[in-house]
Peer 1: 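Right, I'll just put the structure down here and ask away after.
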Amino acid sequence: MAGLYLEEFEVGRVFNHSLRKTITESDNMLFSVMTLNTQPLHIDFDFASKTEWGKPLVNSLFTLGLMIGISVNDTTIGTTIANLGMTDVTFPSPLFHGDTVHVETEVISTRPSKSKPDRGIVEFEHRAFNQHGVLVAKCTRQAMMKSKSAA
């Protein structure tokens, strides 16, 4: 599915994304190393084994990026001009190696640009769940989207 234009987003519509991802140790390690995040809770099995979790946690910024990335094919591929911001980011439950993430996205609001008629702003709420249906991440994202007049 190609990305949707501003006018095609309906407030209240929920996208249940079919893409899913099982998180591997390599995913978590690679992301943590690439971002220079040396938090031992993510990369040190011995350290993590002595925490309340008993094992490494998946880096929350990887979780955030994955959650939004999974949404792209169904919503914004080729029609996004820019991400404007992400707010209300929460991680209510931990994510671990071996967990499988699935995502849903709800359209919260839409509005045309006041200064440029070829675009507007769509506000999304992204929600990520593990394989047990437990909410592991949520955020609100504002995206500048192309209008049909720009096509």
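No hydrogens, no waters, no symmetry mates; every other heavy atom, side chains included, goes into these values. Quick note: residue numbers are just sequence positions, from 1.
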Peer 1: With distance as the sole test, does Ser32 use its side chain to make a donor-acceptor pair with the main-chain N or O of Met29 at under 3.5 Å?
Peer 2: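 The answer is no, because no donor-acceptor pair under 3.5 Å joins these two groups.
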Peer 1: Is a side-chain donor or acceptor of Asp27 paired with a backbone partner of Thr24 at a separation under 3.5 angstrom?
Peer 2: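 Confirmed, Asp27 side chain pairs with Thr24 backbone.
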Peer 1: What pairs with Lys55 under side chain to side chain contact (heavy atoms under 4.5 Å, CB included), at least two apart in sequence or on another chain?
Peer 2: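 If we apply the side chain to side chain contact (heavy atoms under 4.5 Å, CB included) test to Lys55, skipping adjacent residues, the hits are Phe96.
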Peer 1: Rest of the hydrophobic cluster containing Phe129 (Ile/Leu/Val/Met/Phe/Trp/Tyr, side-chain heavy atoms under 4.5 Å)?
Peer 2: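 Leu135, listed by chain and number.
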Peer 1: Test of understanding: clusters of I, L, V, M, F, W, Y form through side-chain heavy atoms closer than 4.5 Å, transitively. Do Ile108 and Ile121 belong to the same one?
Peer 2: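 Different clusters: Ile108 never reaches Ile121 through Ile, Leu, Val, Met, Phe, Trp or Tyr contacts under 4.5 Å.
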Peer 1: Does any N or O in the side chain of His126 come within less than 3.5 Å of the main-chain N or O of Met67, such that one atom is a donor and the other an acceptor?
Peer 2: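 No; zero donor-acceptor contacts below 3.5 Å.
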Peer 1: Go through the steps to decide whether Phe45 and His97 satisfy the test ring-ring contact (aromatic ring centres under 6.0 Å, His included), and finish with yes or no.
Peer 2: CA-CA 12 Å; Phe45 277 73; His97 304 159; 5.7 Å; yes
Peer 1: In Å, rounded to the nearest 0.5 Å, how long is the span from CD1 of Ile43 to CG of Asn28?
Peer 2: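 It comes to 9.5 Å.
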Peer 1: Would a distance-only check, ignoring hydrogens and angles, find a side-chain to backbone donor-acceptor pair under 3.5 Å from Thr105 to His17?
Peer 2: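 Here the side-chain-to-backbone pair does not exist.
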Peer 1: With a cut-off of 6.0 Å (strictly less than), are more than 12 heavy atoms of other residues, nucleotides or ligands near NZ of Lys138?
Peer 2: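 12 or below, so no.
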Peer 1: Decide yes or no on side-chain hydrogen bond (donor to acceptor under 3.5 Å, both in side chains) for Gln131 and Thr100, but give the supporting numbers first.
Peer 2: CA-CA 5 Å; Gln131 68 276 12; Thr100 299; 4.8 Å; no
Peer 1: Identify every side-chain donor-acceptor pair in residues 85-92 under 3.5 Å, counting partners at least two apart or on other chains, and give the distances.
Peer 2:
none

Peer 1: Quick check on the hydrophobic clustering: are Ile70 and Phe9 connected, directly or via other members, by side-chain heavy-atom contacts under 4.5 Å?
Peer 2: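 No; tracing contacts between hydrophobic side chains, which count when under 4.5 Å, never links both residues.
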Peer 1: Determine whether the aromatic ring centres of residues Phe124 and Phe15 are separated by less than 6.0 angstrom.
Peer 2: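 So the answer is no for these two rings.
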Peer 1: Between Glu106 and Arg127, is there a salt bridge with N-O shorter than 4.0 Å?
Peer 2: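 Yes, this pair counts.
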Peer 1: Could you check whether Asp118 and Ser147, counting side-chain N and O atoms only, form a donor-acceptor pair closer than 3.5 Å?
Peer 2: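 Note: Ser147 and Asp118 side chains miss the donor-acceptor criterion.
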Peer 1: Quiz question: by atom type and distance under 3.5 Å, do the side chains of Thr110 and Glu123 form a donor-acceptor pair?
Peer 2: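 The answer is no; no qualifying pair exists.
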